[in-house]
Peer 1: 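Here's a structure for you.
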Amino acid sequence: MAGQGSGGNVIAAICNVFFPGLGQLVQGRILAALIFAIIAFGGYALWFLVVPAIIGGIAHLWSIIDAAKFKAND
């Protein structure tokens, strides 16, 4: 990846819109991808409890922003 604001980060952020954690997976960050996916889908699965759904939504948005702002250490 070229760094923050690169085309790769934009693609990763777009991937996260459709599937939380997919952008981190595209960037090669497997642990971050798993954490975002588990938190987001766990929250969405418990939508009827309201608070976990809000936490899942926040994790989903955070994963998009995290992928967009990721800067690889070269």
Side-chain angles (χ1 to χ4, degrees):
M1 295 280 159
Q4 183 176 351
S6 71
N9 284 1
V10 172
I11 291 170
I14 292 171
C15 289
N16 273 336
V17 170
F18 299 106
F19 192 96
L22 183 60
Q24 282 77 13
L25 194 61
V26 167
Q27 292 172 332
R29 301 185 297 148
I30 297 170
L31 183 61
L34 286 172
I35 291 170
F36 280 123
I38 290 169
I39 293 172
F41 285 120
Y44 290 156
L46 299 173
W47 63 269
F48 54 88
L49 296 176
V50 180
V51 173
I54 292 171
I55 292 171
I58 290 170
H60 194 160
L61 289 174
W62 186 14
S63 71
I64 296 168
I65 293 168
D66 179 66
K69 291 190 168 210
F70 178 67
K71 187 173 182 181
N73 294 332
D74 293 327

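Please read these numbers as outputs of a predicted model, since none were measured by experiment.
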Peer 1: Would you say that more than 12 heavy atoms from the other residues, nucleotides or ligands in this model lie under 6.0 Å from the CZ of F18, or not?
Peer 2: no

Peer 1: Check the hydrophobic clustering (I, L, V, M, F, W, Y; side-chain heavy atoms under 4.5 Å; chains of links allowed) and say if L22 and Y44 are grouped together.
Peer 2: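 Same cluster: L22 reaches Y44 through Ile, Leu, Val, Met, Phe, Trp or Tyr contacts under 4.5 Å.
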
Peer 1: Enumerate donor-acceptor pairs with a distance under 3.5 Å from any side-chain N or O in residues 28-41 to protein atoms, sequence neighbours excluded.
Peer 2:
| from | atom 1 | to | atom 2 | distance (Å) |
| --- | --- | --- | --- | --- |
| R29 | NE | Q27 | OE1 | 3.3 |
| R29 | NH1 | D66 | OD2 | 3.2 |
| R29 | NH2 | Q27 | OE1 | 2.9 |
| R29 | NH2 | D66 | OD2 | 2.7 |

Peer 1: Sequence neighbours left out, what pairs pass salt bridge (charged side-chain N to carboxylate O under 4.0 Å, His left out) with at least one residue falling in residues 15-24?
Peer 2: none

Peer 1: Which pairs, with at least one residue in residues 39-50 and sequence neighbours excluded, count as a salt bridge (charged side-chain N to carboxylate O under 4.0 Å, His left out)?
Peer 2: none

Peer 1: Looking only at heavy atoms, what is the nearest atom pair of P52 and L46, with distance?
Peer 2: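 Residues P52 and L46, closest heavy atoms: CB-CB, 3.9 Å.
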
Peer 1: Indicate, with yes or no, if I58 and V50 share a hydrophobic cluster defined by side-chain heavy-atom contacts under 4.5 Å among Ile, Leu, Val, Met, Phe, Trp and Tyr.
Peer 2: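 They do share one cluster, since a chain of ILVMFWY contacts under 4.5 Å joins V50 to I58.
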
Peer 1: Could you name each residue pair satisfying salt bridge (charged side-chain N to carboxylate O under 4.0 Å, His left out) that touches residues 37-58, not counting sequence neighbours?
Peer 2: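 Checked against salt bridge (charged side-chain N to carboxylate O under 4.0 Å, His left out) - neighbours excluded - no pair reaches residues 37-58.
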
Peer 1: Between the side chain of H60 and the main-chain N/O of N16, is any donor-acceptor distance below 3.5 Å?
Peer 2: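 A pair under 3.5 Å: yes.
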
Peer 1: Would you say F19 and L25 are hydrophobically clustered, going by side-chain heavy atoms of ILVMFWY under 4.5 Å?
Peer 2: yes

Peer 1: Any pair with a residue in residues 34-59 that passes salt bridge (charged side-chain N to carboxylate O under 4.0 Å, His left out), sequence neighbours left out, goes on the list, sorted by first then second residue, please.
Peer 2: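 Applying salt bridge (charged side-chain N to carboxylate O under 4.0 Å, His left out) to every pair that reaches into residues 34-59, excluding sequence neighbours, yields nothing.
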
Peer 1: For W47, what residues pass the ring-ring contact (aromatic ring centres under 6.0 Å, His included) criterion, not counting sequence neighbours?
Peer 2: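 If we apply the ring-ring contact (aromatic ring centres under 6.0 Å, His included) test to W47, skipping adjacent residues, there are no hits.
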
